[in-house]
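Quick one: structure below, then a few questions.
As the structure lists them, so they are numbered: ligands from 1, and atoms in each ligand from 1. When reading the values below, keep in mind they use all heavy atoms of this one structure, side chains included, and skip hydrogens, waters and symmetry mates.
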Amino acid sequence: MNLLIFGPPGAGKGTQSIHVAKKFDIRHISTGDLFRENIKNGTTLGKEAQGYMNRGELVPDELTIRMLESALNDNEKSGFILDGFPRTVAQAEALQRLLELRHQKLDKVLVLKVENDVIVKRLSGRRVCQKCGEVYHMSSRPTQVSGICDKCGSDQLTRRSDDEPAVILKRLETFWAQTAPVKAFYEKLGLVREINGDQQEQGVLASIESELAR
Ligand code: AMP
């Protein structure tokens, strides 16, 4: 099964992708995570991407598509869920070409619908463990012991640099200007399935599962 999860920043794409990948034993490919990994490892790609990310802008298509192509080549499982890609119509077109070359296709595009004010609240409360990458939320998904990661015990829980309020607003603006048209691209292909993203984590997952069971 090849899926794509789509929605504005803070819609819950990352969280839901992790659940879906585990449940269906498919690979979770997040371009945001791949960029952050490159930044952490100090690669040339990471250095090129960092400025764009810090400003809440999109990394240029050429770099992003090349990175995605190599991630698709590395796919050791029989399916994937793409998270954070495509973010432009040019990326969506490139993805179609890459999949065709591999005799693959997308089965469904899950579109998470969430209002802007909910998104700002979600992103500003998000905290990430610097050691193991586990994601928390100050109010909806707090750690059991304040400031300590439940998974690895680290006390390094920080806000992503692009979750600062000014950058959040810029990311939302970028989404509506450059990324929202991607939905229409997949609507034309009849692949879009809308999911109410404004529910508790488990509720969203249940909606996704019932959509995928159809
Ligand atoms: P995310 O973790 O998906 O919110 O992505 C964080 C940041 O990485 C975005 O704000 C962009 O700067 C960059 N990024 C991730 N995926 C893409 C993409 N498909 N195209 C361009 N930039 C991207």
Heavy atom under 4.0 Å from ligand 1: found in Asp33's side chain, backbone, both, or neither?
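None of Asp33 does.
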As a test of understanding, state which of Glu201, His28, Glu209 forms a side-chain hydrogen bond (donor to acceptor under 3.5 Å, both in side chains) with His19.
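With His19 as partner, side-chain hydrogen bond (donor to acceptor under 3.5 Å, both in side chains) holds for just one option, Glu201.
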Heavy atom under 4.0 Å from ligand 1: found in Arg171's side chain, backbone, both, or neither?
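Side chain only; the backbone of Arg171 stays clear of ligand 1.
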Decide, yes or no, whether a salt bridge links Arg66 with Glu62 under the criterion of side-chain N to carboxylate O below 4.0 Å.
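Judged by the 4.0 Å cut-off on N to carboxylate O distance, Arg66 and Glu62 do form a salt bridge.
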Tell me, yes or no, whether the heavy-atom count around Tyr52 atom OH, taken from other residues, nucleotides or ligands under 6.0 Å, exceeds 12.
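No.
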For ligand 1, is there an N or O atom under 3.5 Å from any N or O atom of Asp83?
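It does not: no N or O of Asp83 is found under 3.5 Å from an N or O of ligand 1.
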Answer yes or no: does an N/O atom from Phe85 fall short of 3.5 Å to an N/O atom of ligand 1?
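Looking only at distances, the answer is no, because the N/O contact criterion of under 3.5 Å is not met.
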Trp176 side chain reached by Asn116 side chain, heavy atoms, under 4.5 Å:
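A side-chain contact under 4.5 Å exists here.
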Would you name the heavy atoms of Ile148 and Leu157 that are closest together and state the gap between them?
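Shortest heavy-atom contact: N-CD1, 3.9 Å.
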Under 4.0 angstrom from ligand 1, any heavy atom of Arg36?
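Judged by the 4.0 Å heavy-atom criterion, Arg36 does count as contacting ligand 1.
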Heavy-atom contacts under 4.0 Å between Thr64 and ligand 1: side chain, backbone, both, or neither?
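The answer is the side chain.
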Using 4.0 Å as the upper bound for N to carboxylate O, is an ion pair formed by Asp163 and Arg127?
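No, Arg127 and Asp163 are not salt-bridged.
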Contacting atoms of ligand 1, where contact means under 4.0 angstrom from a heavy atom of Asp162
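Once the distances to Asp162 are compared, the set is 6 (C).
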Quick one: does Cys149's side chain get under 4.5 Å of Thr143's, heavy atoms only?
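A side-chain contact is absent here, since even the closest heavy-atom pair is not under 4.5 Å.
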Just to confirm my output: which protein heavy-atom neighbour is closest to atom 7 (C) of ligand 1, and how far is it?
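Sorting protein heavy atoms by distance from atom 7 (C) of ligand 1 puts Met53 CE, 3.7 Å first.
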So is Gly84 polar-close to ligand 1, meaning N/O to N/O under 3.5 Å?
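Gly84 vs ligand 1: N/O contact under 3.5 Å present.
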In terms of atom number and element, which parts of ligand 1 are under 4.0 angstrom from non-hydrogen atoms of Val59?
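Per the distance check, 13 (C), 21 (C), 22 (N).
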Short N-O contact, Glu194 and Lys183, less than 4.0 angstrom
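Yes, this pair counts.
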Identity and separation of the nearest protein heavy atom to atom 9 (C) of ligand 1
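Checked against all protein heavy atoms, atom 9 (C) of ligand 1 sits closest to Arg87 NH2, 3.9 Å.
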Does ligand 1 have any atom sitting under 4.0 Å from a heavy atom of Arg160?
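Contact check Arg160 vs ligand 1: positive.
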CZ-CG distance between Phe80 and Leu99, expressed to the nearest 0.5 angstrom:
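So the gap between those two atoms works out to 5.0 Å.
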Can you list the atoms of ligand 1 that are under 4.0 Å from a heavy atom of Glu57?
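Near Glu57, meaning under 4.0 Å from one of its heavy atoms, ligand 1 has 11 (C), 12 (O).
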Which residue and atom name correspond to the protein heavy atom nearest atom 16 (N) of ligand 1, and how close is it?
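Minimum-distance protein heavy atom for atom 16 (N) of ligand 1 reads Thr31 OG1, 2.8 Å.
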Tell me, which protein residue and heavy-atom name are nearest atom 20 (N) of ligand 1, and how many Å apart are they?
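Result: Gln91 NE2, 2.9 Å.
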Note: Glu164-Arg159 ion pair, threshold 4.0 Å (strictly below):
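So Glu164 pairs with Arg159 through a salt bridge.
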